[in-house]
Every structure is written in C-alpha cells, then in structure tokens.
Amino acid sequence: MTRTGKARTALVIGGGIAGPIAAMALRQAGIEAAVHEAYDSTADGAGGGMTIAPNGQDALDAIGAGDLVRAIGTPVTAFGLRSWTGKDLARFAPPSRLPSLQFVWRADLYRAIYDEAQRRSVPIHHGKRLTGTADTGSGVTAHFADGSQASADILIGADGIRSTVRSLIDPAAPQPNYAGLVCFGARMDRSGMPSTDGVMYMCFGRRAFFGYQVFADSSAVWFVNLPHRDPMTVAEAQAIGAEEWLRTLRTAFADDRTPALAMISRTDAGELLITGPMENMPGVASWTRGRMTLIGDAAHAASSSSGQGASIAAESAVELARCLRDLPYDQAFAAYEQLRRPRVERIIKLGARTNSNKTAGPVGRVLRDLVMPAAMKLVNPEKTAWQFDHHIDWDAKAAPLT
C-alpha cells in the first residue's frame, strides 16, 4: 500500500464473467490483480444465452474489450411482446442513436473474456474455494479450502449470487429468493422459420413465458420461463431429465398460438439447456467492509428478465477500477457504491416487475393484454433510454464521496 492509501494489488474472487473483467480493468488502472476461482476447471459450455446491452458494451469499450462481444454477438434491434394468441402487444428498443443489443451465448462470452484476460497476463487460479479472510492491518489475506492462501491490498468479491465474500462482509446478508420460475433454452441450427429481422419476441403464454429469435440463416434461439411452485436447484432440475422437461414444455404451450410448440417439438433432448431456477436477490445492505467489496451478482443480482445482469456487472467492475485508480481504497469503495447503487437498484426493480408479468394468473393475463398495448403507445422511448445510454468516462478523475 502506498503512502496515499491507494491499492496496488487486488485479489478477485470469482472467475466467471465479472471477475476477469474486473481484473482487466484493475490492470488498466495500474493495479496488479489475480483471479481466484473455486472450480477446478473452466466453465466452458455452461449456461444459456443473454443480451449485452449498449451500456454493457460501452463499459467494456472503456477497457478495450467491447469488440469481444461484437465479434461473437448477433444484433437484437428490438423486442416484440406478444400474447398467447399471437397478438402483438408492443415493441420497444433502445433509441436508434445507440448501438444494438447483442445476443450472445454465455459459454462464448465466458471463453472470449477468459482468453482476453489471459492474453493480458491476468493470473487465473482454479481450485481456490474461499473459506475465510483476515485483515492484516496492511492488507487482506484470503484462505482457500486447499490450504493455500493469498494476500493483497484489497479483495473484490465477484463470486456470484451465492457469494462467500458477501457472507464474510455481512454474515446477516440475505440469500437469493426463488422467483417461481424454472428456465430452459436451446440453440437451433435449423429452425425452418423465416428470420425475425433482428427482433427478439417475448410471448406471454397461457402457462409459461416463451422468447425466441430467428436469424438470417434460419438458425434460432428460444428460451422458456416456466412457473413452478416449489423451489429446486439446477442439479435437481437437470436430474429430471431433458425428455421429461420437453414433454412438460410441449404441454405448457399446447394451446398457444405462437411458434413455441413448433420450436420446442423440433428440439432434441440433447440440445435442451436446463438452466434452472430464476432467482431474485434482495437488496444487499453492505457492499463493503474494511478491505473487501463486492461487484456483479454478489452485490446486485438482476433478474434475467431485466436483460442487464452481465451489462451492469461490467459497469460496476470498470467503475470500481476507476475509483481505485484515483482514490485511497476506503474512499474508492465509498465513491463506487455511491455511483452504482441507485442505478442498479432501479434496474433490479424493473426486472422484478417483468417477472410479475410472467407469472400472472388468468385475470392478470387478461388485464395485461388489454392494458399493455395502450400503455406502451404512451411511452416515450427516451424515457427508458436511461437503462442503455450510460457512459463511463474512464479518463475522468474519480471524486470522493459527497
């Protein structure tokens, strides 16, 4: 630690997506950072699809990594909302002055970011499951389950919605809540359907929510949020088996006049992604304690319905690095939280509202389908632009908490 109190070294706990982004941003800020990942191996092939919003791309551009997303992504120019009858309810998109969202498969994004972090000489250590930390007075030491330890000036928790670092910062911190939905998806090489011309459709089915997009070559992606009363883990959902889930999904969409049934029926069991329960994270009161702080889902887990989880994680990683570049670590943590908390909590609230539409009962569905078209016509696209039109000025000097 320098005389100014600025951090020179950092431990990043979590090697998913947010962790390596944070490490790259920290290195750009002049701080040596190493990533420590609990799992023994990489997460290649894991996860479904997601969109990276213009604001997420902007955050990655700040550290010279935005092209990673654009190289693997497929543009999403708009979202179309439909009822189970096939009626168009609304269409919305970021303002045309902003770049398109990019649809990416999580596995592709993970590998692109992992490879880029390694290219930039970011150390990524696997098999390092965090069990505890100790503040040494001049730094922080992380203890791992394999008996090893590592020390640095600060420690950043990027270890996801079930964060160990969060529990060390605040043992009373809340755990995620089950949102009442189990999630599935598939990549189709040949859908047999015409392109949706960049539009991703979101269909509010009678029994479940179905989203899809068909690309120019007739390949496609679809995903389902299926209401399910009892919570289950990813492992429990996967143990039921793809064949059984496909039968359940075909039944759920049997009466809908959308492409759901046809696309699910053309999906082989080996192609089904069972991504498990959708969870909401209650507000995290304490992001920071001493020399430790949180980013990404560990601090602010947005529902996948928001379409912003990875994007706001990238924002937080970059903003934290900028603050640490310019301020002593304690002031940097405080400034970072002041900058980030209002924005992420507003996005999380918006995602929760979308979840409630997905789990609406019969009366709620009727009211939603009646009200939504008129309500959306009254929405000025610029009033929703705040989600997407968010720029981090990397070159601007971070200011202390006000």
Side-chain angles (χ1 to χ4, degrees), residues 16-22 24-26 28-29 49-79 92-106 108-110 112-113 116 158 198-200 202 281 287 294-323 335-354 379-396 398:
I17 290 174
I21 291 173
M24 288 190 287
L26 288 163
Q28 183 166 299
M50 63 178 71
T51 55
I52 306 299
N55 48 289
Q57 297 171 51
D58 181 273
L60 290 170
D61 281 334
I63 59 169
D67 285 344
L68 297 176
V69 170
R70 291 182 282 271
I72 61 173
T74 302
V76 179
T77 57
F79 293 102
F92 66 95
S96 58
R97 57 188 166 77
L98 297 176
S100 297
L101 293 90
Q102 295 285 332
F103 173 82
V104 298
W105 291 99
R106 188 191 186 283
D108 296 342
L109 179 63
Y110 168 82
I113 289 172
E116 181 64 12
V199 179
M200 181 173 285
M202 310 290 192
M281 188 67 208
W287 288 10
L294 303 170
I295 62 169
D297 284 356
H300 48 69
S303 162
S304 59
S305 298
S306 72
Q308 282 279 3
S311 293
I312 60 174
E315 286 180 10
S316 289
V318 172
E319 199 71 274
L320 174 60
R322 188 178 72 91
C323 291
Y336 152 72
E337 186 168 346
Q338 184 185 47
L339 286 167
R340 298 300 299 154
R341 188 181 281 275
R343 172 169 168 76
V344 300
E345 289 184 349
R346 189 178 179 191
I347 287 172
I348 289 169
K349 184 177 180 180
L350 191 64
R353 192 180 307 145
T354 303
V379 174
N380 181 344
E382 286 297 329
K383 289 188 176 180
T384 61
W386 64 268
Q387 298 178 68
F388 310 110
D389 192 8
H390 182 80
H391 175 65
I392 298 174
D393 185 352
W394 177 263
D395 295 327

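Only this structure's heavy atoms are used, side chains among them; waters, hydrogens and symmetry mates stay out.
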At their closest point, which heavy atom of [X] faces which heavy atom of [Y], and how far apart are they?
X: Y336; Y: L294; answer: OH-O, 2.6 Å
X: A25; Y: W394; answer: O-CH2, 3.6 Å
X: A321; Y: A29; answer: O-CB, 3.6 Å
X: A385; Y: P95; answer: CB-CG, 3.6 Å
X: M24; Y: I63; answer: CB-CD1, 4.2 Å
X: A53; Y: F388; answer: CB-CD2, 4.0 Å

Where the side chain of [X] meets the backbone of [Y], is there a donor-acceptor pair that is under 3.5 Å apart?
X: S100; Y: P75; result: no
X: Q28; Y: A62; result: yes
X: T77; Y: G198; result: yes
X: E319; Y: A59; result: no
X: R322; Y: A396; result: yes

task = Go through the structure and list residues passing ring-ring contact (aromatic ring centres under 6.0 Å, His included) with F103, not counting sequence neighbours.
result =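 Partners of F103 under the ring-ring contact (aromatic ring centres under 6.0 Å, His included) test: W105.
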Quick check for you: to the nearest 0.5 Å, what is the distance between [X] atom [atom1] and [Y] atom [atom2]?
X: L320; Y: L339; atom1: CG; atom2: CG; answer: 10.5 Å
X: M200; Y: T51; atom1: CE; atom2: OG1; answer: 6.5 Å
X: I113; Y: I72; atom1: CD1; atom2: CD1; answer: 7.5 Å
X: E116; Y: I21; atom1: CD; atom2: CD1; answer: 11.0 Å

Between [X] and [Y], is any pair of side-chain heavy atoms under 4.5 Å apart?
X: D389; Y: R97; result: yes
X: P20; Y: Y110; result: no
X: M281; Y: D297; result: no

key: Test side chain to side chain donor-acceptor pair (under 3.5 Å) applied to D58 - qualifying residues, sequence neighbours left out   =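 Scan of D58 (side chain to side chain donor-acceptor pair (under 3.5 Å), adjacent residues dropped) gives H391.
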request  = With side-chain contact (heavy atoms from CB on, under 4.5 Å) as the test, would you mind laying out the steps for R106 and I17 before giving the verdict?
outcome  = CA-CA 9 Å; R106 188 191 186 283; I17 290 174; 4.0 Å; yes
task = With side-chain contact (heavy atoms from CB on, under 4.5 Å) as the test, would you mind laying out the steps for L109 and I52 before giving the verdict?
result = CA-CA 10 Å; L109 179 63; I52 306 299; 3.9 Å; yes
Which residues share a salt bridge (charged side-chain N to carboxylate O under 4.0 Å, His left out) with [X], sequence neighbours left out:
X: D61; result: R70
X: R343; result: E315
X: E337; result: R341

ask   = Can you list the steps and then say if S311 with I347 is a side-chain contact (heavy atoms from CB on, under 4.5 Å)?
value = CA-CA 11 Å; S311 293; I347 287 172; over 6 Å; no
request  = Applying side chain to side chain contact (heavy atoms under 4.5 Å, CB included), name anything that partners Q387, two or more places apart in sequence or on another chain.
outcome  =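 Scan of Q387 (side chain to side chain contact (heavy atoms under 4.5 Å, CB included), adjacent residues dropped) gives Q308, L350, T384.
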request  = Applying side-chain contact (heavy atoms from CB on, under 4.5 Å), run through L60 and V69 and close with a yes or a no.
outcome  = CA-CA 9 Å; L60 290 170; V69 170; 3.6 Å; yes
